[in-house]
Visitor: 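Mind having a look at this structure? Questions to follow.
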Amino acid sequence: MADFLQTLVITITIGSLYALIALGYTMVYGILKLINFAHSDVVVLGAWSSLTAATFLLPRLGVSELNPPWWAGAMVLALSMAICGLLGLTIERLAYKPIRKAPRLNALITAMGVSLLLQNAGQLQYTLLSGITEVAHGTIAARDDIDPEKLKLNQPLTLARDGHYMLQITSATPPGVPPATPIERIVTAEPGQYAAGETISIADSIGKSQARGARFTLNTRSTALKLPFGKMPDRVPNLMPIVTKSHEPATANVLWQHDFVSQQTQPDGTVRTLTKPLKIELVQVVIVGTALLLMFGLQMLIYHTR
């Protein structure tokens with residue numbers, strides 16, 4: 001029963017996302033008789049805009065990525081809606097309006113061309129005003145039984161979310177001998193809070209035999225604005241306050257949970273107790289509620305207004 005109900009909750013949530021996307025298709029085709037192939041690309045741009053706004057604005061406003069206030073999500077949503085609306089207006093004026101009275105095949109080909117343009121532009125990587133900021137430094141405490149590598153910190157470090165960092169390694173040299181040119185590598189570090197003297201794991205091997213005991217500097221690329229397009233976009237930070245149960249991790253956002261308990265008899269005659277939870281998360285409620293609200297609003301707009 002727990003598996004069935006949990007699958008039902010997830011299915012309703014995903015179906016609500018499909019409904020939100022279908023609303024745009026339905027409204028455009030129902031009014032203009034135009035199949036807007038670029039609609040899905042604008043939806044993706046909305047997600048990328050949310051990521052860009054969240055990673056750029058929230059830290060500069062002093063907002064924690066681990067547990068942001070309620071207005072953080074609303075601010076990012078409003079900004080993303082404005083960007084997508086402006087893009088939609090630009091596409092309509094430049095691409096669709098000039099061929100409004102042309103044969104329908106012309107509009108179909110134009111819509112496909114706009115979609116391809118957005119897709120190929122989205123595969124580029126845009127970074128403006130890039131800079132390097134030191135996050136931590138210390139020594140490499142690698143041992144033969146450790147993989148991935150361990151970096152021993154000389155100062156406290158807080159990494160709120162997964163990210164790519166630039167690791168600069170300076171080989172250990174005898175006194176009086178100038179150090180060799182530092183080796184720079186892009187690594188992925190695990191999020192968490194680390195005190196001075198602790199070790200941090202990185203996801204890339206840096207060569208134990210050469211790097212053991214060497215000095216390292218862990219840097220992050222600070223940018224005035226980084227548009228996270230390209231083939232490997234990052235995860236969007238939390239945009240709603242964390243609501244969790246006492247036994248859930250700090251990243252969970254569970255509004256309601258019910259544990260289904262059942263007993264299973266093993267072949268040896270022993271009875272095993274199984275516990276399966278049914279969870280409803282805050283983001284699921286927001287998605288379903290938004291879909292219902294917008295579907296009702298569109299219905300009222302089309303059939304009950306002039």
Side-chain angles (χ1 to χ4, degrees), residues 1-26 40 43-44 46-51 53-55 58 63-78 80-81 158-163 188 190-193 201 203 228 232-300:
M1 180 59 70
D3 293 337
F4 170 75
L5 293 177
Q6 190 68 66
T7 303
L8 181 63
V9 171
I10 296 174
T11 302
I12 293 175
T13 304
I14 296 177
S16 298
L17 287 174
Y18 291 159
L20 286 171
I21 298 174
L23 284 178
Y25 272 118
T26 301
S40 57
V43 172
V44 175
W48 276 337
S49 301
S50 300
L51 173 58
T55 55
L58 297 187
V63 174
S64 171
E65 294 184 359
L66 298 178
N67 193 10
W70 63 269
W71 52 264
M75 180 188 66
V76 171
L77 175 62
S80 300
M81 290 171 62
T158 299
L159 300 180
R161 54 196 293 267
D162 293 312
T188 302
E190 296 180 355
Q193 294 183 347
S201 298
M232 298 180 63
D234 295 326
R235 178 183 62 86
V236 178
N238 293 324
L239 296 176
M240 293 180 290
I242 298 297
V243 180
T244 182
K245 306 297 182 182
S246 59
H247 58 281
E248 292 290 340
T251 56
N253 221 334
V254 181
L255 278 182
W256 180 84
Q257 176 175 328
H258 176 74
D259 295 328
F260 287 85
V261 180
S262 61
Q263 292 183 340
Q264 185 180 55
T265 303
Q266 304 295 320
D268 58 359
T270 60
V271 178
R272 179 185 178 187
T273 302
L274 300 178
T275 302
K276 289 189 175 182
L278 170 63
K279 301 178 182 180
I280 297 180
E281 300 181 3
L282 176 60
V283 65
Q284 294 172 333
V285 175
V286 171
I287 290 173
V288 176
T290 303
L292 292 175
L293 180 63
L294 292 181
M295 284 188 286
F296 176 77
L298 182 61
Q299 181 82 6
M300 296 297 295

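Just so you know, residue 1 is the first one in the sequence shown, and it goes up from there. In what follows, every heavy atom counts, from backbone to side chain, and hydrogens, waters and symmetry copies are set aside.
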Visitor: When rounded to the nearest 0.5 angstrom, what distance separates CE in Met295 from OG1 in Thr290?
Guide: 10.0 Å
Visitor: Looking at CZ of Phe260 and CG of Leu274, how far apart are the two atoms once the value is rounded to the nearest 0.5 Å?
Guide: 14.0 Å
Visitor: Please assess Leu8 against Ile12 for the test side-chain contact (heavy atoms from CB on, under 4.5 Å), listing each intermediate value before the final yes or no.
Guide: CA-CA 6 Å; Leu8 181 63; Ile12 293 175; 4.1 Å; yes
Visitor: For Thr7 and Asp3, which heavy atoms make the closest approach, and how far apart are they?
Guide: OG1-O, 2.7 Å
Visitor: Could you tell me which non-hydrogen atom of Ser50 sits nearest to which non-hydrogen atom of Ser80, and how far apart they are?
Guide: OG-OG, 2.8 Å
Visitor: Identify the heavy atoms of Lys276 and Ala2 that sit nearest to each other, and give their distance.
Guide: CB-CB, 3.7 Å
Visitor: If only atom types and distance count, is the side chain of Gln284 paired as donor or acceptor with the main-chain N or O of Ile10 below 3.5 Å?
Guide: no
Visitor: Quick one: closest heavy-atom pair of Val288 and Ser16, and the distance?
Guide: CG2-OG, 3.6 Å
Visitor: Hey, what do you get for OG1 (Thr11) to CZ (Phe4), rounding to the nearest 0.5 Å?
Guide: 9.0 Å
Visitor: Is there a side-chain contact (heavy atoms from CB on, under 4.5 Å) between Phe296 and Leu292? Walk through the geometry before answering.
Guide: CA-CA 6 Å; Phe296 176 77; Leu292 292 175; over 6 Å; no
Visitor: Going from NZ on Lys279 to CG on Asp259, what distance comes out if it is rounded to the nearest 0.5 angstrom?
Guide: 9.0 Å
Visitor: Using 0.5 Å steps for rounding, measure from the CG atom of Leu293 to the CG atom of Leu298.
Guide: 11.5 Å
